[in-house]
Structure formats: structure tokens, C-alpha cells
S.K.: 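This is the structure I want to talk about, given as C-alpha cells.
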2 protein chains.
Amino acid sequence: MSDTKQRLLDGTLTALREHGIAGISARTIAAAAGVNQALVFYHFGTVDELLGAACRAGTAQRVARYAQRFTEVGSLRELLAVGQALHVAERELGNVSVLAQLLAGAQSEPRLAAPTAEALQLWVDEIEPVLVRLLAGSPLAEVADIPGLARAVAAGFVGLELYEGVDAVGATRAVGALEQLAVLVEAVDDLGPVARRAVRARISRTARRSGPGRPVR
Amino acid sequence: MSDTKQRLLDGTLTALREHGIAGISARTIAAAAGVNQALVFYHFGTVDELLGAACRAGTAQRVARYAQRFTEVGSLRELLAVGQALHVAERELGNVSVLAQLLAGAQSEPRLAAPTAEALQLWVDEIEPVLVRLLAGSPLAEVADIPGLARAVAAGFVGLELYEGVDAVGATRAVGALEQLAVLVEAVDDLGPVARRAVRARISRTARRSGPGRPVR
DNA sequence: GTCTATAGCTGGATAGAC
DNA sequence: GTCTATCCAGCTATAGAC
């Protein structure tokens with residue numbers, strides 16, 4: 001990868017963090033990258049193409065950096081802790097708030113939809129096996145759609161990132177509350193056999209009754 | 001409220017839905033509102049001011065429309081169903097995807113932060129009493145920070161809206177999985193006294209142990 | 001591959017007629 | 001209050017020198 005191309009990819013992420021999707025342009029990107037504005041078009045054709053490429057490359061890099069940590073997660077609360085660490089680190093250097101900006105842009109720019117969906121999927125692909133592992137044998141796993149849950153976690157994380165940008169105190173509080181939810185799930189998993197059977201019975205009964213609640217496969 | 005002012009407020013929401021925060025301008029707003037471009041500045045001074053005003057007014061209107069339904073919610077899954085209905089209706093007419101756009105814009109436009117935070121708070125103020133009511137007597141309520149949970153729900157909803165724009169199938173699946181989580185919580189609430197005590201004991205033990213998990217008050 | 005220069009357009013914002 | 005006209009900044013994209 002040529003140096004200039006990489007500088008443009010990095011500069012795109014920096015510019016997205018500083019100016020948001022509303023303030024992005026070949027000029028703001030080039031300024032952040034420290035290169036000439038015309039090189040955006042020489043190397044990537046259009047600004048949107050560069051945005052898509054930066055989204056893919058940047059997310060892949062970040063995901064690779066956290067892959068190891070995900071495999072070491074041993075509980076739902078540890079998963080939340082990794083999410084917290086990721087959030088703090090990425091707020092400074094990274095790619096998650098960038099992903100939120102690109103998701104917002106993709107809502108009305110169809111050409112951004114595919115790259116952003118793929119980038120989010122990279123995170124989902126990390127989260128999903130962790131959940132499969134953590135919830136193995138849990139009553140929840142018997143009725144819940146784990147891939148769906150992984151998607152909810154990834155999407156919810158993006159929503160919390162955006163919320164954090166306008167209300168840091170509220171966002172901290174929200175994360176704390178989610179930790180309590182994780183505690184509940186873990187508590188159910190740690191129940192004795194009798195109570196556990198009761199929960200399981202209750203869950204499968206409810207799941208059978210409710211059509212729209214069944215996981216989509 | 002003068003007719004033109006209202007048309008501009010409505011036109012702002014339409015323009016945000018059609019072009020996103022990246023494509024918003026006095027001209028696109030005026031076109032959507034069917035008025036002259038200069039009137040944006042006459043009535044609101046700047047585009048950002050108009051964005052803030054539209055955010056407040058539009059959200060207040062939508063929240064009022066759903067307030068009644070929130071009071072009628074009798075279970076967590078009914079709350080999710082209201083969220084679903086809201087999502088479907090707002091995707092066509094509304095204000096939630098607009099809120100996502102404004103949140104994205106607010107990340108790098110400090111003047112948008114206050115209005116968007118207030119708008120999100122309007123939704124939180126609806127969700128919070130519902131959760132208080134639904135979780136009264138639940139083991140979860142004893143350790144969880146309900147206001148925090150309401151914030152997580154609102155922020156997560158925004159994240160799901162953004163995700164839906166790039167992967168509709170994945171988003172549907174995510175919502176289905178959340179419904180299963182609601183089933184779990186309800187199942188715990190419906191347990192007999194013995195099993196219930198076991199869960200409660202397990203939860204408070206874990207809650208005491210984990211510093212960062214305690215609700216912020 | 002990288003630069004300067006520029007065409008052509010869209011944007012925020014204002015002046016001034018009505 | 002609303003319109004036309006306009007200034008000027010910033011934008012995408014390309015042409016052409018180096």
C-alpha cells in the first residue's frame with residue numbers, strides 16, 4: 001500500500017472524528033492527511049469511495065487489535081468491560097464513533113450502506129462466538145437467537161457511543177444499568193437445578209406462546 | 001406560530017430524512033418546506049438554530065403522540081411491541097431517524113448537543129416510569145439503576161434505527177433476540193418464592209462484590 | 001504520482017426592493 | 001414577512017505542468 005493512500009485512509013478517520021459526516025470533504029480529509037486535495041480523486045475516484053475504503057480498512061484494523069481480548073472474555077460482565085475499554089480507547093484514537101458517523105451517512109447515501117454494514121458485521125463476528133461460549137447451557141440460549149443478540153449488542157453499542165457525545169453522564173449511567181442486566185443473566189445461570197428448571201420451563205412456555213418472539217432463522 | 005415558521009420546522013425534518021445531516025442546508029430545507037431560502041435566516045438566524053428548534057418541536061410532538069400508549073404497557077414485551085410500532089410508523093413519517101441524524105451531527109457541532117440531548121431525554125422520560133412500573137418487585141429492580149436502564153433503552157433504540165438503515169434483516173433479528181431477553185426477565189419475576197429468593201440472593205451478592213456495577217446515583 | 005490552477009457548482013448569509 | 005439578487009467561501013472534479 002502506497003504511503004499516500006494509507007495517509008488518506010488515516011486522514012479520513014481523523015477528519016470524520018473531528019468534523020463528522022456533515023463536515024467531511026476532499027479538502028478536510030486532505031488537510032488531516034497532510035496531502036494534496038487532488039490526490040483523493042487520483043487514488044479513490046470519489047470522496048464516497050474513500051469513505052467506504054477507510055471504513056473497511058479502519059474497522060478491520062481495530063477488530064484485529066481486540067480479537068485476542070474477546071477470546072479471553074469469561075463472563076458477560078467481562079464482555080461489558082471489554083466494551084468499556086474499547087470505548088475509552090477508541091474515543092481517543094479510533095474507529096467506533098467513526099462507524100456511527102458512517103452509519104448516519106449511509107442512511108441517505110446508498111453507496112455507503114454496504115461498507116458500513118460490513119464493518120459492523122466485523123464486530124458482530126467477534127461478539128457472536130463470545131456469546132455462544134458464555135451462554136452455552138444457559139436457559140437463555142435455548143430460546144434466544146444468539147446471532148441476533150450479537151447484532152443487538154453491536155448496534156446498541158453504536159447508539160451508546162452517539163448518546164455519550166451529547167450526555168456523558170447519562171451514558172455512563174446507562175452502561176452501569178446494562179451491567180446489572182448481565183448480573184441477572186449470570187445469576188439465573190448459577191441457580192440450583194430446581195430453580196433453574198422452573199426458569200427454563202417458564203421461558204419455553206412463553207416462547208412457544210409468542211409468535212413474534214421466536215428467533216428468525 | 002406563524003405558518004412559515006411551522007413549514008420550516010416540518011421541512012427540516014423532511015430534509016433530514018431525505019438527505020441526512022450531511023446533506024442538510026438552508027436550501028434543501030427551504031425546498032422541502034416550499035418556502036424561500038432566505039426565510040431560514042430571517043426566522044431562525046442560522047441553519048443550526050433551525051435544526052435545534054426542529055429537533056425539540058418535532059420530538060415533543062411525537063412523544064405526545066405515544067405518551068398514552070406508554071401508560072398502557074403492561075409487560076416488557078409490550079414495551080418492545082410499542083417500540084416496534086413506533087419504529088415502523090416513524091420510519092415513514094417521523095422523528096426517530098431524524099434524532100439519529102442530529103445525534104451524529106451533534107458529535108462535532110456543540111450547538112446541536114443540547115437540543116438533541118433534551119430530545120432524547122423526552123423519550124427517556126416516557127420509558128423510565130414504564131420500567132419503574134414493570135419492574136416493581138422484580139429482583140432486577142433491587143440492584144438495577146432504572147433511570148440508567150431507560151437511557152440504555154433509548155440509546156439502544158437509536159443504534160438499532162441506524163443499523164436498520166444498512167441491514168434490515170439483521171436489525172429484525174436483533175429485535176427478536178431482545179424480546180427473548182425480556183422473556184427471561186419476566187420469567188424470573190414469575191418464579192415461585194424459593195427460586196426467586198435464590199436469584200435475589202445471587203444478584204445482591206454479585207452486586208455487592210462488583211464496584212463498577214453499582215448504579216450511579 | 002504529485003502538484004497548481006481552475007471550471008462550475010452549492011452553500012451560508014446579507015442587502016434591499018416590495 | 002417575503003422576495004430577488006448577490007457576495008464570497010467552500011466544494012467536487014478535472015486538466016495539464018512537472
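Numbered from 1 within each chain, the chains take letters A, B, ... in sequence-line order. The basis for the numbers below is simple: all heavy atoms, side chains too, and nothing from hydrogens, waters or symmetry mates. Remember, it's a predicted structure, so these values are computed and weren't measured experimentally.
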S.K.: Judged by each residue's nearest nucleotide on DNA chain D, which is more toward the 5′ side, Ser2(B) or Ser25(A)?
M.R.: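 Its nucleotide being nearer the 5' end, the pick is Ser2(B).
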S.K.: Using 30° and 60° as the class limits, which term best fits the ring planes of Tyr66(A) and Trp123(A): parallel, tilted or perpendicular?
M.R.: tilted
S.K.: How many whole angstroms separate atom CG of Leu39(A) from atom P of dT4(C)?
M.R.: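 Those two atoms, CG and P, are 10 Å apart.
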S.K.: Any donor-acceptor pair under 3.5 Å linking the side chain of Ser138(B) with the backbone of Leu134(B)?
M.R.: no
S.K.: Find out whether Leu8(B) and Lys5(B) are in side-chain contact, i.e. whether some heavy atom of one side chain is under 4.5 Å from a heavy atom of the other.
M.R.: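 In short, these two side chains do not touch, never coming nearer than 4.5 Å.
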S.K.: Atom CD of Gln6(A) to atom P of dT2(C): distance rounded to whole Å?
M.R.: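 After rounding, the reported distance stands at 13 Å.
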S.K.: What's the CZ-P distance between Arg27(B) and dG10(D), to the nearest Å?
M.R.: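 Roughly 16 Å, once rounded to whole Å.
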S.K.: Would the number of heavy atoms belonging to other residues, nucleotides or ligands and lying under 6.0 Å from CD of Glu49(B) be above 12?
M.R.: no
S.K.: Starting at CG of Asn36(B) and ending at C1' of dA13(C), how long is that distance when rounded to a whole Å?
M.R.: 13 Å
S.K.: Return the value, rounded to whole Å, for the distance between atom NE2 of His19(A) and atom C1' of dC11(D).
M.R.: 14 Å
S.K.: Can a side chain N or O of Thr4(B) be found less than 4.0 Å away from OP1 or OP2 on dT2(D)?
M.R.: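 Yes.
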S.K.: Name the closest nucleotide to the Gln37(A) side chain, picking from dA13(D), dG11(C), dG1(C).
M.R.: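 Selected nucleotide: dA13(D).
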S.K.: Which part of the nucleic acid, if any, lies within contact of Val47(A), taking any heavy atom under 4.0 Å across all strands shown: a base, the sugar-phosphate backbone alone, or nothing?
M.R.: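 Sugar-phosphate contact only.
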S.K.: Given atom NZ of Lys5(A) and atom P of dG1(C), what is their separation to the nearest angstrom?
M.R.: 8 Å
S.K.: Got a donor-acceptor contact below 3.5 angstrom from the Gln107(A) side chain to the Gln101(B) backbone?
M.R.: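 Checking the backbone N and O of Gln101(B) against the side chain of Gln107(A), no donor-acceptor pair under 3.5 Å is found.
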S.K.: Can you check the Phe41(B) CZ to dC7(D) P distance for me, whole Å?
M.R.: 17 Å
S.K.: Where the side chain of Ala38(B) is concerned, which of dT14(C), dA13(D), dG11(C) is the nearest nucleotide?
M.R.: dT14(C)
S.K.: Rounded to whole angstroms, how far apart are CD1 on Ile29(A) and C1' on dA13(D)?
M.R.: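 To the nearest whole Å, that distance equals 14 Å.
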S.K.: Nearest to the His43(B) side chain among dT14(C), dT2(D), dC3(C), which nucleotide is it?
M.R.: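 The listed nucleotide nearest to His43(B)'s side chain is dT2(D).
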